[in-house]
Amino acid sequence: MADQRALDEVVEFTSELIRIDTSNRGGGDCRERPAAEYAAERLAGAGLDPLLLERTPGRTNVVARVAGTDPSADALLVHGHLDVVPAEAADWSVHPFSGEVRDGVVWGRGAVDMKNMDAMILAVLRGWARQGVRPRRDLVIAFTADEEASAEDGSGFLADRHPELFEGCTEAVGESGAFTFHDGTGREIYPVAAGERGTGWLRLTAGGRAGHGSKVNRENAVTRLAAAVTRIGEHEWPLRLTPTVRAALTELAALYGLEADFDDVALLLDKLGPAAKLVEATVRNSANPTMLDAGYKVNVIPG
Ligand SMILES: [Zn+2]
């Protein structure tokens with residue numbers, strides 16, 4: 001039975017969390033504390049005893065435990081991050097930090113990644129508190145800082161310094177698994193995340209011969225750098241199907257009545273349609289140039 005108050009709170013909490021600007025610009029430029037306090041207050045309102053944990057002032061994580069009815073059962077971790085990637089208001093038709101509800105939808109940065117889930121976690125726990133519901137398993141609830149950058153102030157810090165808070169957890173529900181994936185045809189898929197892609201950052205530095213922009217220069221450092229960046233961005237990496245990725249492809253294909261043919265993965269992904277999104281980024285490495293910097297004056301070729 002739908003708990004109308006919980007449904008209303010999901011919308012209200014999502015909007016209010018969006019209005020708390022937790023843009024993570026990397027390099028430590030973020031402050032999750034107000035959002036963490038917002039979440040902690042609502043957890044306390046559900047009768048829980050949340051801990052606020054920081055490695056760096058302002059970079060706050062929230063952890064709480066809901067006691068299950070079966071102490072012998074493994075615990076389940078349910079987690080969401082509090083930070084968001086930055087948003088340029090000029091690119092948006094609705095202000096990204098307004099949390100506006102328009103056409104029955106909450107708009108703003110974090111509405112899908114992932115203040116929506118943070119709000120759902122809070123609303124469900126509060127609904128349970130009102131109705132006296134207790135889960136069978138212990139639940140560990142974690143709202144983390146710094147997911148959109150290094151996680152050093154967030155999950156990394158919690159795992160390194162406070163592993164005891166996660167004792168007994170054998171599975172987790174977070175943003176990379178166990179959410180509802182809508183494939184566009186009315187089918188709902190619940191993927192299980194067994195791992196994460198890693199990142200390997202590369203900083204390229206090109207050198208050349210300095211000179212005036214009006215002269216012929218075959219040793220232009222900017223041209224060299226641009227060429228290298230283009231090659232990296234356009235590079236097609238070889239297929240590399242790990243056992244986990246093979247398993248995911250096999251099960252997804254079966255869901256659509258298909259045989260997973262690993263000899264033609266491109267065709268298989270094509271046949272999977274929108275559901276290919278769940279796996280296409282995992283069948284091979286990929287590279288994206290994200291920042292470029294060169295020169296100091298428009299008519300000078302830098303060295
Ligand atoms: Zn996210």
Side-chain angles (χ1 to χ4, degrees), residues 10-11 13-36 38-40 42-43 53 55-56 58-63 76-88 91-92 94 96-99 105-124 140-159 166 169 171-182 188-201 248 274-275 277-282 286 288 290:
V10 170
V11 176
F13 294 170
T14 303
S15 286
E16 289 182 353
L17 281 166
I18 288 169
R19 284 199 279 276
I20 303 172
D21 183 350
T22 52
S23 295
N24 190 342
R25 295 174 183 83
D29 184 0
C30 182
R31 195 167 175 274
E32 291 90 349
R33 178 111 201 161
Y38 181 94
R42 272 137 201 88
L43 290 173
L53 301 148
R55 184 185 81 137
T56 306
R59 310 302 308 275
T60 317
N61 302 274
V62 185
V63 180
L76 175 70
L77 170 65
V78 180
H79 62 111
H81 59 84
L82 295 168
D83 58 330
V84 295
V85 288
E88 292 288 341
D91 298 336
W92 289 62
V94 171
F97 299 103
S98 66
V105 177
V106 182
W107 294 84
R109 176 61 89 217
V112 292
D113 182 14
M114 62 179 303
K115 289 175 169 171
N116 55 335
M117 176 149 164
D118 296 336
M120 284 187 261
I121 295 168
L122 293 170
V124 166
V140 176
I141 308 297
F143 295 105
T144 59
D146 203 24
E147 195 272 347
E148 300 290 3
S150 70
E152 285 171 4
D153 280 313
S155 56
F157 158 68
L158 293 177
F166 303 94
C169 289
E171 290 85 22
V173 177
E175 71 178 323
S176 297
F179 58 88
T180 315
F181 179 81
H182 299 271
E188 293 177 354
I189 300 171
Y190 292 83
V192 174
E196 293 272 347
R197 297 189 97 194
T199 46
W201 293 100
K277 275 199 193 74
L278 289 168
V279 279
E280 66 188 1
T282 66
S286 60
N288 277 305
T290 54

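We count ligands from 1, going down the list as the structure has it; atoms in each ligand are counted the same way.
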Quick one: side chain to side chain donor-acceptor pair (under 3.5 Å) partners of Arg42, sequence neighbours excluded?
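Testing Arg42 for side chain to side chain donor-acceptor pair (under 3.5 Å), a comparison that skips the adjacent residues, returns Tyr38.
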2.8 Å shell around the Zn ion (ligand 1), exclusive bound, protein N/O/S atoms
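There are 4 of them.
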State, with a plain yes or no, whether a side-chain heavy atom of [X] is found less than 4.5 Å away from one of [Y].
X      : Y      : value
Tyr190 : Thr180 : yes
Asn24  : Arg59  : yes
Asp113 : His81  : yes

Run the side-chain hydrogen bond (donor to acceptor under 3.5 Å, both in side chains) test on Asn288 and Thr290 for me, step by step, so that the C-alpha distance in whole Å, both residues' side-chain angles and the decisive distance to 0.1 Å come before the verdict.
CA-CA 6 Å; Asn288 277 305; Thr290 54; over 6 Å; no
Is it the case that more than 12 heavy atoms not belonging to Glu188 sit under 6.0 Å from its CD atom?
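More than 12 within 6.0 Å, yes.
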